[in-house]
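Note sheet for the following structure.
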Amino acid sequence: MNLDLDGKVAIVGGASQGIGYGIARTLAQDGARVAITARREADLKRAAETITAETGAEVLPIPADCRRFEDCSRAVAEVIQRFGRIDVLVNNDGAPPLGAIESLDDTAWHKAVEQNFMYVVRMARAVLPHMKASGGGSILNIAAISAIQPIAGFGLSVATWAGVIAYAKTLSLEVAPYGINVNTICPGYIETGRLKKVFAAGGEDPQTMHDKLVAEVPMGRLGSTDDIAGLVALLVSKRGGYITGTSIPVDGGLLRGVR
Ligand SMILES: NC(=O)c1ccc[n+]([C@@H]2O[C@H](COP(=O)([O-])OP(=O)(O)OC[C@H]3O[C@@H](n4cnc5c(N)ncnc54)[C@H](OP(=O)(O)O)[C@@H]3O)[C@@H](O)[C@H]2O)c1
């Protein structure tokens with residue numbers, strides 16, 4: 001389905017690989033011009049070139065560390081300078097380390113808050129004046145299913161993303177009159193480099209880990225980056241414009257509960 005994003009400009013975080021890359025490629029396929037950010041410049045440029053080669057879309061790579069205030073402001077300024085507008089903001093990046101809550105010191109918590117929470121706050125604050133000026137827009141946060149159904153050892157992510165969901169809900173109320181929708185997507189197990197690293201960290205054979213995760217998912221498979229990207233494209237298009245203030249699992253049925 002092509003959701004007709006012609007003329008729209010998107011900025012997608014953590015888009016040199018994985019979920020962010022999949023989102024950037026889908027938005028480009030659907031007609032958007034896209035700016036992508038990540039820290040490692042060479043990988044980021046390669047990703048931009050590949051998306052352009054595949055889709056013909058204009059893709060602007062902006063090396064940036066989402067934990068830094070200056071990088072967030074600079075990234076938004078570069079998008080405005082190049083494209084003159086921002087219609088779509090997708091907040092996505094890596095994630096804080098794993099660890100039992102009792103073992104985490106203040107430094108670990110501060111870093112997690114900068115990465116998962118303040119990143120979202122700063123990017124939204126920087127893009128909102130531009131979205132309001134052009135009459136609307138979409139803000140999407142990529143969190144995780146663990147923010148709704150916590151997993152032991154993921155405390156830094158769970159707590160900070162739960163804050164993001166509450167922040168996004170509040171923001172959605174404030175910006176709805178300007179035609180801006182704000183939503184959070186909560187992926188389950190998505191096949192990316194990051195998931196492979198998590199397999200490896202457990203010390204267990206990767207195939208055994210893979211099979212264990214698959215066995216947890218009612219749909220019987222891990223998710224793909226396209227499973228996430230398809231929902232992003234819908235939510236930022238006209239067809240999804242009435243959906244706001246939600247947190248949506250994309251998890252093959254992994255979430256056990258009624259909300
Ligand atoms: N994969 C899953 O199963 C899954 C499930 C639920 C939630 N999630 C969440 O979804 C997000 C993306 O996951 P993924 O699997 O796509 O990860 P990934 O394959 O490791 O990709 C992460 C991307 O973010 C960039 N990044 C990391 N730290 C950054 C920083 N400080 N500033 C800017 N960019 C940064 C990376 O590039 P650089 O390293 O060059 O910066 C890379 O482009 C993460 O927050 C993850 O926790 C993933």
Side-chain angles (χ1 to χ4, degrees), residues 11-26 34-48 50-51 59 61-72 74-76 90-98 110-120 122-123 140-151 153-162 164-165 184-202 209-210 212-214 216-217 221-229 231-232 247-252 254-255:
I11 177 167
V12 183
S16 61
Q17 62 183 49
I19 292 173
Y21 178 83
I23 293 170
R25 186 182 52 196
T26 295
V34 186
I36 60 175
T37 64
R39 292 164 304 176
R40 285 167 295 163
E41 192 167 355
D43 291 353
L44 186 67
K45 281 192 172 153
R46 208 172 307 123
T50 310
I51 296 173
V59 182
I62 306 175
D65 184 337
C66 74
R67 290 169 297 192
R68 295 181 166 177
F69 168 79
E70 321 81 68
D71 284 23
C72 294
R74 176 177 51 78
V76 172
V90 180
N91 293 312
N92 170 74
D93 63 303
L98 306 188
H110 281 304
K111 279 190 186 164
V113 169
E114 288 291 315
Q115 175 155 19
N116 278 10
F117 188 79
M118 288 311 297
Y119 162 51
V120 170
R122 288 168 179 151
M123 290 300 291
L140 266 163
N141 308 307
I142 306 300
I145 198 67
S146 57
I148 306 172
Q149 180 169 277
I151 304 174
F154 284 69
L156 290 172
S157 291
V158 170
T160 48
W161 274 328
V164 165
I165 291 172
T184 303
I185 292 179
C186 298
Y189 301 136
I190 308 298
E191 243 172 333
T192 65
R194 177 175 176 75
L195 197 65
K196 286 201 182 92
K197 262 193 214 158
V198 176
F199 289 161
M209 267 304 282
H210 175 276
K212 270 189 190 170
L213 293 189
V214 168
E216 281 182 47
V217 183
R221 67 168 176 90
L222 302 183
S224 71
T225 60
D226 282 348
D227 289 322
I228 306 295
L231 178 60
V232 172
S247 48
I248 307 178
V250 180
D251 66 351
L254 192 61
L255 176 67

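Whatever order the structure lists ligands and atoms in, that order sets their numbers, starting from 1.
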Apply side-chain hydrogen bond (donor to acceptor under 3.5 Å, both in side chains) to Q115 and D93, showing your working.
CA-CA 8 Å; Q115 175 155 19; D93 63 303; 2.6 Å; yes
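- Ranking the protein heavy atoms by distance from atom 19 (O) of ligand 1 puts Q17 NE2, 3.1 Å first.
- Nearest heavy-atom pair across I11 and A75 is CD1-CB, 4.2 Å.
- A distance of 11.5 Å separates CD1 in I19 from CG in D226, rounded to the nearest 0.5 Å.
- Heavy-atom proximity to A64, at under 4.0 Å, picks out these atoms of ligand 1: 32 (N), 33 (C).
- Distance alone, capped at 3.5 Å, places no donor-acceptor pair between the Y189 side chain and the R221 backbone.
- Within a 6.0 Å sphere centred on CZ of R68, heavy atoms belonging to other residues, nucleotides or ligands number 12 at most.
- In this structure, CG on L254 lies 11.5 Å from SG on C186, to the nearest 0.5 angstrom.
- Note: no N/O pair closer than 3.5 Å links L195 and ligand 1 by distance alone.
- Note that CZ of R46 and CD of Q17 are 10.5 Å apart. Values are rounded to the nearest 0.5 Å.
- Residue S146 does not touch ligand 1, judged by heavy-atom distances below 4.0 Å.
- When hydrogens are left out, the protein atom nearest atom 45 (O) of ligand 1 is G94 O, 2.6 Å; that is the closest non-hydrogen contact.
- Annotation for ligand 1: atoms under 4.0 Å from non-hydrogen atoms of R40 are 37 (O), 38 (P), 39 (O), 40 (O).
- Counting the atoms of ligand 1 from 1 in the order shown, those under 4.0 Å from a heavy atom of A15 are 43 (O).
- To the nearest 0.5 Å, atoms CG (L140) and CD1 (I228) are separated by 11.0 Å.
- In summary, the atoms of ligand 1 found under 4.0 Å from a heavy atom of D65, numbered by their order in the structure, are 30 (C), 31 (N), 32 (N).
- Taking each of A143, A147, A144 in turn, the one with a heavy atom nearest to atom 9 (C) of ligand 1 proves to be A143.
- Taking only nitrogen or oxygen atoms, main chain and side chain alike, C66 reaches within less than 3.5 Å of ligand 1.
- Side-chain atoms of N116 and T160 include a donor-acceptor pair closer than 3.5 Å.
- For ligand 1, the atoms closer than 4.0 angstrom to any heavy atom of G18 are 16 (O), 19 (O).
- Taking every non-hydrogen atom of S16 and a distance limit under 4.0 Å, the qualifying atoms of ligand 1 come out as 37 (O), 42 (C), 43 (O).
- Close to ligand 1: N92, with a non-hydrogen atom less than 4.0 angstrom away.
- The main-chain N or O of I142 is never found under 3.5 Å from a side-chain atom of N92 such that the two would form a donor-acceptor pair.
- Backbone and side-chain nitrogen or oxygen atoms of T192 are examined, and one is located within less than 3.5 angstrom of a nitrogen or oxygen of ligand 1.
- Not a single N or O atom of W161, backbone or side chain, sits closer than 3.5 Å to an N or O atom of ligand 1.
- Nearest protein neighbour of atom 25 (C) of ligand 1, counting heavy atoms only, is G14 CA, 3.5 Å.
- Protein heavy atom at the shortest distance from atom 5 (C) of ligand 1 is G188 O, 2.8 Å.
- In this structure, atom 28 (N) of ligand 1 lies nearest to the protein heavy atom R39 NH2, 3.2 Å.
- Counting the atoms of ligand 1 from 1 in the order shown, those under 4.0 Å from a heavy atom of Y189 are 3 (O).
- Heavy atoms only, all atoms of each residue included: I185 and V250 are closest at CG2-CG2, 3.8 Å.
- The contact set between ligand 1 and I142, taken as ligand atoms under 4.0 Å from a residue heavy atom, comprises 10 (O).
- What sits closest to atom 3 (O) of ligand 1 on the protein, heavy atoms only, is I190 N, 2.8 Å.
- Taking every heavy atom of both residues into account, R39 and R67 meet most closely at NH1-NH2, 3.3 Å.
- Of all protein heavy atoms, the one lying nearest to atom 34 (N) of ligand 1 is A38 CA, 3.6 Å.
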Working for salt bridge (charged side-chain N to carboxylate O under 4.0 Å, His left out), residues K212 and E216
CA-CA 7 Å; K212 270 189 190 170; E216 281 182 47; over 6 Å; no
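- At least one side-chain heavy atom of L222 sits less than 4.5 Å from a side-chain heavy atom of V214.
- Counting only heavy atoms of the protein, atom 17 (O) of ligand 1 lies nearest to R194 CB, 3.3 Å.
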